[in-house]
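See below for the structure under consideration.
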Amino acid sequence: MKIAVNGQMWEFSGEMNVLQLLHELGMVVDLVAVEVNQQILDKKEFRAHFLKNDDRVEIINFVGGG
């Protein structure tokens, strides 16, 4: 399955939900916002939203600092 993440193509084997994608990419779930095909997902949807081939995912990672 090929997925575009923040404009970069990634290839994964098998079915994957958004939560699994975030873990695969080493992202901290509490510190991100995710959009799939221009639809912003609530964090409660990460486990139930399964990705499909050619999905376009945008991940915004919140970083603290000053």
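Please read all numbers here as calculations on a predicted model, not as lab measurements.
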### Task
Take atom NZ of Lys52 as the centre, draw a 6.0 Å sphere, and report whether it contains more than 12 heavy atoms from other residues, nucleotides or ligands.
no

### Message
Val57 and side chain to side chain contact (heavy atoms under 4.5 Å, CB included): which single residue from Leu21, Val18, Asn6 fits?
### Response
Leu21

### Query
Is it the case that one hydrophobic cluster holds both Phe50 and Leu22, taking links as side-chain heavy atoms less than 4.5 Å apart, direct or via other members?
no

### Query
Is any side-chain heavy atom of Met27 closer than 4.5 Å to a side-chain heavy atom of Ile59?
yes

### Task
Using modelled atom types only, decide if a donor and an acceptor are shared between the side chain of Gln8 and the backbone of Val5 within a distance under 3.5 Å.
no

### Query
In Å, rounded to the nearest 0.5 Å, how long is the span from CG of Leu51 to CZ of Phe12?
8.5 Å

### Task
Please report the shortest heavy-atom distance between Asn17 and Arg47, naming the atom on each side.
ND2-O, 2.9 Å

### Message
I'd like to know whether Phe46 forms a side chain to side chain contact (heavy atoms under 4.5 Å, CB included) with Leu41, so could you lay out the CA-CA distance, the side-chain angles of the two residues, the decisive distance to 0.1 Å, and finally the verdict.
### Response
CA-CA 7 Å; Phe46 288 0; Leu41 299 180; 3.9 Å; yes

### Approximate separation, where rounding is to 0.5 Å, of Glu58 CD and Gln39 CD
14.0 Å

### Task
Say whether Ile40 and Ile60 are linked into one hydrophobic cluster, either directly or through other cluster members, by side-chain heavy-atom distances under 4.5 angstrom.
no

### Task
Please tell me if the side chains of Val36 and His49 come closer than 4.5 Å, counting only heavy atoms from C-beta onward.
yes

### Query
Can you get from Leu25 to Met1 by hopping between Ile, Leu, Val, Met, Phe, Trp and Tyr side chains that sit under 4.5 Å apart?
yes

#### Entry: Approximate separation, where rounding is to 0.5 Å, of Asp55 CG and Ile3 CD1
6.0 Å

### Spatial distance of atom CG (Leu19) from atom CD (Glu24) [nearest 0.5 Å]
12.0 Å

